[in-house]
Trainee: 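Quick one: the structure is below, and I'll ask about it shortly.
Just so it is clear: chains get the letters A, B, ... in the order the sequence lines come, proteins before strands, and each one is counted from 1. From a predicted model like this one, the values you see are computed outputs, not experimental measurements.
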Amino acid sequence: MITIVSGLPRSGTSLMMQMLAAGGMTLLTDHERRPDVDNPRGYCEWEPIKLLPKEPNRIDEAEGKAVKVISQLLLSLPTGRNYKLIFMERPLPEVLASQDEMLKHRGGATLSMDHALLTSAFRDHMKEVVGWLERRDDIPVCRLGYRKVLSDPASAAQTLRDFLELDLNVEAMASQVDPALYRNRKP
Amino acid sequence: MKLRERFPHLVLWLAILGIVVFCPLPSHAYAGPGAGFAVLSSFWTLFVALLYSVYAFFVWPFRQLLRLLKKRKAYGNAQIKRAVILGFDGMDPELTERFIAEGRLPNLAKLREQGSFRKLRTTYPAISPVAWSTFMTGVNPGKHNIYDFLARDLSNYLPYLSSAEIKGPKRSVKIGKYTVPLGGARIKGMRKGTPFWHWLGEAGIFCSVIRVPVTFPPEKFAGVLLSGMCVPDLKGSQGTFCLCTTRASGDKFREGGIRVPVERDGSIFRSYVPGPEDPLKPGSGDELRVDFEIRPDKTGTQARIIADSQGFTLKIGEYSEWIPVKFKAGMGFGAHGICRFYLKELSPEVEVYVTPVNIDPGRPDLPISHPVTYSIYLAKLFGPYATLGLAEDTWALNEHVLDDDAFLAQCYANHDDRERMLFDALEKTQQGLCACVFDTTDRVQHMFWRYLDEDHPAARDVPHDQHPQVIQDLYSRMDVLIGRVMKQIDDRTLLMIVSDHGFKSFARCVNLNAWLHQNGYLALKVGKTESGDWFEDVDWSRTRAYTMGLNGLYLNVKGREREGIIANGADTDALKDELRRKLDGLVDPASGRVGITGVFDCDAVYAGPYVDNAPDLLVGYGDGFRASWDSVMGKVTSEIFEDNLKAWSGDHCIDPRLVPGVLFCNRKIAEEKLAIVDVAPTVLKLFGLPLPGHLDGKPWTVASEAIS
């Protein structure tokens, strides 16, 4: 089985990867992207996943592991594999605020001018992803709200274990959640 | 050694081959490609077959050795060699004890005395697809996603089948007025969770699984499986019978059947069997048909029926064998099915009942087994058999299309087929798991409870001393089957008799939608006092709660339901509390009895990744009550309580505490309180497998010695 962790960038996918690792799951990462102020515990990414549209078979390297696949790349997942997908959901204003912060820390301009445009683009993208998920009914999906994970990590950890049907350490998974890292809240 | 030394004539041979291939002589006669291809292909097939035979011959000892080693490893920690699980849907513990006390069930009595007998706690709700899903996965419904036969579509408040979704092919090509499908139908299984036989299969333990409910579509695993309850008929429904009749059209059947006219043509009568929708005209409503003729003989007691070029003679009150029928759509498309004809009447009118058209197990158009060849193998071995999930036509008896005897004959014919499959699986599975579920117990109790109940509304006109002993005979028959199985097993085999729930009388109907309406929770459109099916006249903008299906009660939640009005959070919690307070203990004014003995908050009952799909509350009806036929179909009537006059007179979709199932075992079990959710972990443990952490069930302490 290949466990996919997906969602929009800044929707909590890194946190989810950290929880899975703490629970005892092997991650497919290369540590290319170093931890920084926006993700002090690391991004848990695997660079070759970006090649998925051209080299879909690369996903086979994730057999028995968890790998992060941002939502844009989900659409390139090849058929004929046994996947389970954890999809992180976070309100769009929070996602955009978090992306703003990230850009600020990198010394770039913020996205605030384009928020309306980006919100509309993200909505369209999410519609596309939801449509794709409906078509790919061979992939079981567990949708988890970022806020819910932070407000009730124990329950989220249990849900994950039950969904993946693996002997994951629920307490260790829950302990990965640090509410102090929930910095970009929107009412 | 050089190549030239090893093959001294290599160059010569290559030169000859080159001349033959590249410089052929011109042919002086026409040589069509067909003959050449035929020689090449048949030669090639023979050659490959020969090569494979040689290969198979030489590797056979190694494969056997490998298999032996694998088996040894697989069974290394096992306490048992084989587990045989016989599922009797709806076998009731109180009735079983009563019949044991009356001396009717000697084999179950032996199991009770020398092995174990317990009441088996069922699921919330006590419905077969829910309980059997829990049986196979070892988890609560929040983790397997089955809460009822039906689930509701949040976008339109309409129902859909909760276990599987069948869609048309992904792609099609439009040619004129036809839409040509490219590829087969797509089937999506909605049940989540992993059945315990998958874990066994992964460990190298072979499993034969026959007709366990909610196993459609069949999933891949290391074993064989024939799908059970929820397999559709060829129309895609859960069973649509057909009454072909010369009588002027009567009332439309409430559900489950179609009336088809029989036309007279001299001494011959002509009719047809309605089939699936024309695949070349999807969405048009055009159905495919198979025509048939009825030719009564001179005596008026029997007739020759000719269907799809097959002729057979039936006496009045007699069933045909399974008749294969092909629904042709043109351009080579069509569907293969099987059905049975039952001659009801020849004079003064002509009437023939036709069972729902089952998927032909010998030529399955949809997968009904794993591997797909398993259903074909069984069909070759025993002939065609019922494949429909709910194969016993309870609707036809409800609608008086079949009488008691005709219905029973149908039930036991299916049952006999199932017995044959079980004994074949027992013979083939000397090690591993053999699980088989029998539905007869459920269907017969549903339809004949009226004769057990002293004052059932559906049997008030039948004098009590004339009540047939149908249910007593049913239990005796199952006991005989259990005895035959006991003779086939040794002391290293675990035998479990399991039922998913018990049974109670269903004498009074409760229309919960009517109660919600009369108490201000459900609003109808202005001027309406009742609604049609599926909330036809409901004003959602003023509706706070509604019900459909057998036990689920739903709140109309903002942001969840299309026209939801209750804010999620404190408002939903308060409304749930209010409804629970008012409904729990609801009394039937006519009988003075309690119609609802428990209302359960699903947030407290379920846990898992799929809890969002659960109802908000579960209604537990009291002994003698159940959701009304109208309430199940989302209809609001003016009466809350009414008599149940249908043959479907027993039920179990009530307070789960009142209808536990049974567990018999050929070994002693230490624990007193057992639940159906424990079966999967218990079997895994007995085979020496580690228990996955997400399981809700707890394994029982089972003695190592079996009864003799």
Side-chain angles (χ1 to χ4, degrees), chain A residues 1 3-5 16 19-20 22-25 63-64 79-89 91 127 130-145 147-149 151-174 187, chain B residues 134 136-145 153 155 160 164-171 183 185-196 198-199 202 217 219-221 559-560 568-569 603-604 606-614 677 680-681 684 689-697:
Chain A
M1 182 180 77
T3 303
I4 307 282
V5 174
M16 185 48 53
M19 287 176 76
L20 293 174
M25 201 158 185
E63 183 58 48
T79 53
R81 275 76 167 174
N82 184 14
Y83 301 110
K84 279 199 174 178
L85 171 61
I86 298 160
F87 198 86
M88 295 302 294
E89 295 177 325
K127 265 187 202 164
V130 168
W132 179 84
L133 283 174
E134 273 172 19
R135 287 194 300 279
R136 285 300 298 270
D137 46 28
D138 56 315
I139 306 180
V141 185
C142 177
R143 292 163 184 264
L144 273 178
R147 284 178 172 181
K148 209 172 173 182
V149 174
S151 65
D152 192 355
S155 154
Q158 209 152 12
T159 301
L160 277 174
R161 184 202 59 184
D162 295 341
F163 171 67
L164 296 172
E165 299 185 332
L166 297 171
D167 283 329
L168 301 176
N169 184 332
V170 173
E171 287 79 25
M173 286 162 82
Chain B
T134 287
M136 71 178 93
T137 57
V139 298
N140 82 89
K143 295 179 191 173
H144 64 56
N145 197 38
D153 185 338
S155 66
Y160 61 86
E165 184 185 15
I166 304 174
K167 292 183 194 164
K170 244 181 191 171
R171 291 186 195 88
R186 289 170 298 154
I187 312 162
K188 179 187 178 184
M190 317 272 244
R191 197 216 66 239
K192 313 292 181 189
T194 305
F196 66 89
H198 286 223
W199 310 109
E202 271 176 28
E219 297 159 304
K220 276 186 191 170
F221 81 113
R560 188 181 72 178
N568 206 352
D603 285 343
Y606 302 137
Y610 309 106
V611 286
D612 289 348
N613 300 331
V677 72
L684 288 175
L689 264 59
L691 300 184
H694 72 281
L695 297 189
D696 294 320

Trainee: Apply ring pair (Phe, Tyr, Trp, His ring centres under 6.0 Å) to F163(A) and list each qualifying residue two or more places apart in sequence or on a separate chain.
Mentor: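 Listed in chain order: nothing, the list is empty.
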Trainee: If you take all heavy atoms of P609(B) and D162(A), which pair is closest and at what distance?
Mentor: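 That would be CD-CB, 3.6 Å.
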Trainee: What's the spacing between E165(A) CD and H198(B) NE2 if we round to 0.5 Å?
Mentor: 10.0 Å
Trainee: Enter the distance from L168(A):CG to H694(B):NE2 here, rounded to the nearest 0.5 Å.
Mentor: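 Output value for this atom pair is 11.0 Å.
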Trainee: Answer with side chain, backbone, both or neither: which region of L691(B) has an atom nearer than 4.5 Å to a non-hydrogen atom of chain A?
Mentor: backbone
Trainee: Drop me the distance from M190(B)'s CE to D137(A)'s CG, to the nearest 0.5 angstrom.
Mentor: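 The CG atom of D137(A) is 9.5 Å from CE of M190(B), to the nearest 0.5 Å.
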Trainee: Mind checking side chain to side chain donor-acceptor pair (under 3.5 Å) for D696(B) and listing every partner two or more places apart, or none if nothing turns up?
Mentor: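 Side chain to side chain donor-acceptor pair (under 3.5 Å) list for D696(B), sorted by chain: N140(B), K143(B).
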Trainee: Step by step, work out the side chain to side chain contact (heavy atoms under 4.5 Å, CB included) result for R143(A) and D612(B).
Mentor: CA-CA 10 Å; R143(A) 292 163 184 264; D612(B) 289 348; over 6 Å; no
Trainee: Once you round to the nearest 0.5 Å, how far does CZ of R135(A) lie from NZ of K167(B)?
Mentor: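 Between R135(A) CZ and K167(B) NZ, I get 9.5 Å after rounding to 0.5 Å.
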